[in-house]
Amino acid sequence: MAKDGVREMHKWLRRLKMGMLAITVGTLMTGCKILITGQEVAKQAKKKDNQILIGFSMDTLREERWQKDKAIFEQKVKELGGDVKTLSANGDDNLQLSQAEQLISQGVDVLVVNPHNSKTTAAIVNKAHKEGIPVIAYDRLIMNADVDLYVTFDNVKVGELQAKAVVDHMAKESKGNMVYLGGADTDNNAKLFREGAMKVLKAEESKGKIKIVYDQYTKDWKPEEAMKNMENALTANKNNVQGVVAANDGVAGGAIQALSAQGLVGKVPVSGQDADLAACQRIAEGKQTMTVYKPIKSIASKAAELAVALAKGEKIEVKNKVHNGKINVPSVFLEPVVVTKDNLVQTVIRDGFHRMEEVYKNVPKDQWPK
Ligand code: GAL
């Protein structure tokens with residue numbers, strides 16, 4: 001059968017599968033009738049044509065982490081015998097939708113989506129489902145849609161770890177002014193990071209230990225936006241700021257630039273997330289207090305395994321679920337890890353995430369950890 005014909009047949013079979021109805025299939029060979037489910041039909045067809053194609057629709061490749069996500073995900077799917085087509089939308093909602101449509105029309109078996117906008121991407125799920133294609137939300141949840149599976153880190157915990165580390169590093173004075181610099185408000189994760197951080201910060205505030213003097217999201221996670229927000233926070237408080245909870249390393253970078261202009265780098269603790277190389281270097285130099293390391297290998301490999309399993313029609317069991325405003329989405333949560341000056345070697349360097357020479361590039365060699 002021509003490749004197009006095979007794809008057409010798969011499309012049709014997937015529709016059956018997604019319909020979740022038992023169908024009656026007449027076999028011409030024997031003339032008898034057997035009852036099998038759509039899912040079984042898809043499974044059997046898959047065995048005949050082993051060509052698994054996974055679509056990966058990404059918001060962006062701007063932050064360092066997403067380049068790793070892409071590379072590891074693609075490699076893992078290939079190891080498992082499948083092919084991947086990845087498209088990145090550069091933070092553009094309309095482009096992400098049209099790229100997803102492109103992937104759907106190319107006959108992907110499963111669509112993995114890292115949404116730029118947690119709400120508008122519901123349209124992608126609906127379109128994929130019309131063609132019988134299951135959708136996995138990658139790292140960020142898609143809201144108000146029948147998402148089949150969600151693979152992520154414990155995002156509320158990320159926020160808690162960030163806030164706790166900054167509070168712990170604040171000078172031992174009884175009071176301190178705290179600035180919260182969040183992520184993009186279009187990203188559901190940014191809300192969860194904030195939720196986790198605020199849990200810790202509000203508790204400290206009610207004990208009279210800190211005061212939250214500034215609390216803003218950062219448009220599209222852009223460091224230059226974070227820098228502007230930090231400048232505003234410093235101006236409004238006449239530089240009287242003792243701690244900055246920044247939602248990721250890009251935001252931390254912007255904040256540190258603004259602190260630097262006021263001679264405050266290294267004096268005010270700043271958090272981050274993603275263990276970007278630049279952030280790990282700042283930690284080694286004492287300019288940033290911590291980052292949250294989320295082993296990209298874990299999430300990318302897990303998502304690849306699940307995508308291939310779904311494409312094969314295998315049954316998938318997961319322990320967690322999270323409500324997305326419409327349904328309880330079966331979810332996989334991975335553990336984030338705190339990284340400070342004290343454990344750079346035991347975490348990111350040991351894992352091969354970054355090399356020692358890169359991380360300590362700006363630190364005199366006699367001060368490198370043994
Ligand atoms: C979040 C993600 C973070 C960070 C941020 C900016 O959704 O979980 O790791 O990279 O986006 O891209």
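Heavy atoms only: backbone and side chains are in, while hydrogens, waters and symmetry mates are out. Both counts, for ligands and for their atoms, begin at 1 and track the order of listing. Here the structure is a predicted model, which is why all the values come from computation and not from measurement.
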Original post:
Which of the atoms of ligand 1 are close to Phe193, meaning less than 4.0 Å from one of its heavy atoms?
Top reply: 8 (O)
Subject >> Sub-4.0 Å atoms of ligand 1 with respect to non-hydrogen atoms of Glu63 >> reply: 6 (C), 12 (O)
**OP:** For residues Tyr138 and Met58, determine if any side-chain heavy atom of one lies less than 4.5 Å from a side-chain heavy atom of the other.
**Re:** no
Original post:
Counting each atom of ligand 1 from 1 as listed, which ones have a heavy atom of Asp187 under 4.0 Å away?
Top reply: 1 (C), 7 (O), 11 (O)
**OP:** Any atoms of ligand 1 less than 4.0 Å from a non-hydrogen atom of Arg140? List them with their elements.
**Re:** 1 (C), 5 (C), 6 (C), 7 (O), 11 (O), 12 (O)
Original post:
Does the side chain of Asn229 come under 3.5 Å of the side chain of Gln216 through a donor N or O and an acceptor N or O?
Top reply: no
**OP:** Do me a favour and list the nearest non-hydrogen protein atom to atom 12 (O) of ligand 1 with residue, atom name and distance?
**Re:** Trp66 NE1, 2.9 Å
Original post:
Are side-chain heavy atoms of His129 and Asp148 found at a separation under 4.5 Å?
Top reply: yes
**OP:** Please say whether more than 12 non-hydrogen atoms of neighbouring residues, nucleotides or ligands are located less than 6.0 Å from NZ in Lys76.
**Re:** yes
Original post:
To the nearest 0.1 Å, how far is atom 8 (O) of ligand 1 from its closest protein heavy atom, and which atom is that?
Top reply: Asp139 OD2, 2.6 Å
**OP:** Find all atoms of ligand 1 within a distance of less than 4.0 Å from any non-hydrogen atom belonging to Lys294, and give their numbers and elements.
**Re:** 2 (C), 3 (C), 8 (O), 9 (O)
Subject >> Candidate pair Asn189 and Asn155, rule side-chain hydrogen bond (donor to acceptor under 3.5 Å, both in side chains), full reasoning >> reply: CA-CA 6 Å; Asn189 282 2; Asn155 295 307; 3.2 Å; yes
Original post:
What about Asn189: any of its N or O atoms under 3.5 Å from an N or O on ligand 1?
Top reply: yes
**OP:** In sequence, state the C-alpha distance, the side-chain angles, and the governing distance for His116 and Asp220, and then conclude on side-chain hydrogen bond (donor to acceptor under 3.5 Å, both in side chains).
**Re:** CA-CA 9 Å; His116 170 254; Asp220 276 334; 2.7 Å; yes
Subject >> Residue and atom name of the nearest protein heavy atom (relative to atom 9 (O) of ligand 1), distance in Å to one decimal >> reply: Asp274 OD1, 2.6 Å
Subject >> Under 4.0 Å to a heavy atom of Arg65 - the qualifying atoms of ligand 1, by number >> reply: 2 (C), 3 (C), 8 (O), 9 (O), 10 (O)
Subject >> Which atom of Leu141 lies closest to which atom of His323, heavy atoms considered >> reply: CD2-O, 4.2 Å
